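Notes follow the structure.
The structure presented is a predicted model; accordingly, all values stated were derived computationally and were not measured. Atoms within each ligand, like the ligands themselves, are counted from 1 in listed order.
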Amino acid sequence: MMNRKINAAVFPVAGLGSRFLPATKATPKEMLPIVDKPLIQYAVEEAVDAGIKKMIFVTGRNKRAIEDHFDTAYELEADLALKEKHELLDIAQSVAPKGVEFVYVRQSTALGLGHAIFCAKPALSNEPFAVLLADDLIRSSIGAVQQLIVAADETARPIIGLEKIQPHQTRAYGVISIRETMGKHVVASNLVEKPKPEDAPSNLGVVGRYILPYEIFDVIAKLPTGSGGEIQLTDALAVLAQRDGVIGVLLEGQRFDCGSKLGFAQANIEYGMEHPEIGVDLKAYLKALAI
Ligand code: G1P
C-alpha cells in the first residue's frame, strides 16, 4: 500500500566522491556548494517542502561535516548574535528547520546504492519513504519529490523520477522498459542499471528521486550483486516492476547532474544568475564574456 503520507526521506551520502578530487579528499561531496548552499541542503529543503519530517542520512567515514551542518553551531550563532548580524544568524539557524528530525546511520562498506538504502531500514517504520540523491539537483516550481508524492497518491505504487536521455548517456543511468503510458505517468515493466546504448530498453533514465515501499527491504535482502559488483537499487526496483509495475514520472524542471564537474559548474552559473546578491552582476559578467 503506497497511498499514505510520506514521513521519511533517505539520503545516501556515504559515497567517496572521487570524481571531485582533490576537493573531496577531506570534504564530503554533498557539502560542495552551489553558490552558497551545500548540495545536501538543497535536497533536504526539497524534502521539507514536500512535508517530510524525518531525514535519514546514510553516512560513512569522513562525513562528519554533514552532521555538523544540520546541528546547532553555538559559537557561530553566539558570535553573529553578539554582532547583531540578524540576517546571517537566521540563515545559520534555518539550516535545520524546527520540527524536522535528523537521523544518521552508517554504511560501513560501500556495497552500492541498494545496500545503502538497506542500511536505513532500522530508522524507518513500515510505510513508504522517499529517497533523494543529492547529486541530482532539480530546479522546478513544484519540487521533484513532491511530484513523485502526487503520483504515489494517485497510483499507490513505487515511484521513480525519469528524464529523457541520449544514447551516449545510458551507461550512467538506470534505464526502464516501458510497459505502457498512463497520462503523465509511464509504467515500467523492468529496469536495467547502466546498460550499453545498444542494450538500453528505452530512452528514459532514472533520476535520483524515488518513493519506495517498505517491502523493498525484503527484495534487497535477496539480491545478488549487480552492475559494478554492487547491490543495486535498480535491481530491486526491477523485481517490483516485474511483479506489479513501477510508475515513472517524467520530472518537470531542470536537472543538474552535480555528480559531474560540468553539471556542477552549470548549476553554479544557473543558480548564481538567480541569486539575489550576485545575480545581476553575474549576468552582466556572462554577457561581457560572450562578446
Ligand atoms: C544512481 C543509480 C542510477 C540512477 C542515477 C541517477 O547511479 O544507480 O540508476 O540513474 O543514480 O543519478 P549513480 O549516479 O550513483 O552512479
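With a heavy-atom cut-off of 4.0 Å, V206 touches ligand 1 through backbone and side chain alike. The residue D135 has no part lying near ligand 1, judged by heavy-atom distances below 4.0 Å.
A cation-pi contact, defined as under 6.0 Å to the ring centre and within 45° of the axis, links K37 to Y42. A cation-pi arrangement is present between R139 and Y271, with the terminal nitrogen or guanidinium carbon under 6.0 Å from the aromatic centre and inside a 45° cone about the axis.
The shortest contact between atom 1 (C) of ligand 1 and any protein heavy atom is with L133 CD1, 4.0 Å. The closest protein non-hydrogen atom to atom 2 (C) of ligand 1 is E193 OE2, 3.6 Å.
Between F57 and I66, some side-chain heavy-atom pair lies under the 4.5 Å cut-off. Within the 4.5 Å cutoff, the side chain of I149 has heavy atoms near those of the I211 side chain.
By the 3.5 Å distance cut-off applied to N or O atoms, K194 is counted among the residues near ligand 1. By the 3.5 Å distance cut-off applied to N or O atoms, A172 is not counted among the residues near ligand 1.
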Could you tabulate the donor-acceptor pairs under 3.5 Å formed by side-chain atoms of residues 102-116, not counting sequence neighbours?
from: Q107; atom 1: NE2; to: G112; atom 2: O; distance (Å): 3.3
from: Q107; atom 1: NE2; to: H115; atom 2: ND1; distance (Å): 2.9

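Separation of atoms CG (D136) and CD (E46) is listed at 10.0 Å; rounding is to 0.5 Å.
Within a 4.0 Å radius of atom 8 (O) of ligand 1, the protein contributes at least one heavy atom.
Applying the side-chain hydrogen bond (donor to acceptor under 3.5 Å, both in side chains) test to residues at least two apart or on different chains, the pairs with a partner in residues 69-82 are Q41-H69, E77-Q93, D79-K83.
Numbered from 1 in the order shown, with element, the atoms of ligand 1 that lie under 4.0 Å from a heavy atom of T234 read 9 (O). Listed by atom number, the atoms of ligand 1 under 4.0 Å from D136 heavy atoms are 6 (C), 12 (O).
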